[in-house]
Amino acid sequence: MDEHSKSHVPEPEIRHPREVTTIATLACNGGTCPTIYRAVDGTYLVQGPSVDPAAFGIVVPAEESLVAVPEALVAQLLEVGRQAG
């Protein structure tokens, strides 16, 4: 195959990870735990088990996910907010 017949494949976009701070997390026995992070741009990121939206009667767009957040994690987040504010 000569240079002119090769199809052009665009280079993948390189995305640099944003700096994040752990805001609230639950203690687990090893592994990862439900956690709430805050990115430097003010975006909150939530880590937790994925949930089937249909099981809760919720319609979620394809580009979004439904995540279970334990009540204890939300309480910790609210406490952090009270202390900050």
Side-chain angles (χ1 to χ4, degrees):
M1 193 183 294
D2 69 14
E3 193 64 33
H4 296 294
S5 61
K6 290 182 183 176
S7 63
H8 176 61
V9 177
E11 291 293 318
E13 178 183 347
I14 298 173
R15 303 185 84 186
H16 300 283
R18 296 189 224 181
E19 182 179 332
V20 297
T21 302
T22 299
I23 301 298
T25 189
L26 297 180
C28 294
N29 295 329
T32 58
C33 306
T35 303
I36 298 175
Y37 305 92
R38 185 178 186 277
V40 293
D41 67 359
T43 302
Y44 287 91
L45 308 165
V46 178
Q47 172 186 329
S50 296
V51 180
D52 177 11
F56 293 90
I58 300 171
V59 176
V60 176
E63 68 275 4
E64 296 180 359
S65 298
L66 190 61
V67 177
V69 180
E71 185 175 10
L73 186 59
V74 174
Q76 193 179 125
L77 176 65
L78 293 173
E79 183 59 31
V80 167
R82 279 192 285 275
Q83 291 173 5

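Rounding to the nearest 0.5 Å gives a distance of 7.0 Å between OG1 of Thr35 and CG of Leu73. Separation of atoms CD (Glu19) and CZ (Arg38) is listed at 11.0 Å; rounding is to 0.5 Å.
There is a path of hydrophobic side-chain contacts, each under 4.5 Å, that joins Leu26 to Tyr44. Val40 and Val20 fall into different hydrophobic clusters, where Ile, Leu, Val, Met, Phe, Trp and Tyr residues are linked whenever their side-chain heavy atoms come under 4.5 Å apart, directly or through other members.
Other residues, nucleotides and ligands contribute over 12 non-hydrogen atoms within 6.0 Å of the CD atom of Gln83.
Here the closest heavy-atom approach between residue Pro34 and residue Thr25 is recorded as O-OG1, 3.4 Å. Between Ser65 and Val60, the shortest heavy-atom contact is N-CG1, 4.0 Å.
Residues satisfying the side-chain contact (heavy atoms from CB on, under 4.5 Å) test with Val46, not counting sequence neighbours, are Ile36, Val67, Val69. Residues forming a side chain to side chain donor-acceptor pair (under 3.5 Å) with Tyr37 (at least two apart in sequence, or on another chain): Gln47. Evaluation of the salt bridge (charged side-chain N to carboxylate O under 4.0 Å, His left out) rule for Asp41 yields Arg18 as partners, not counting sequence neighbours.
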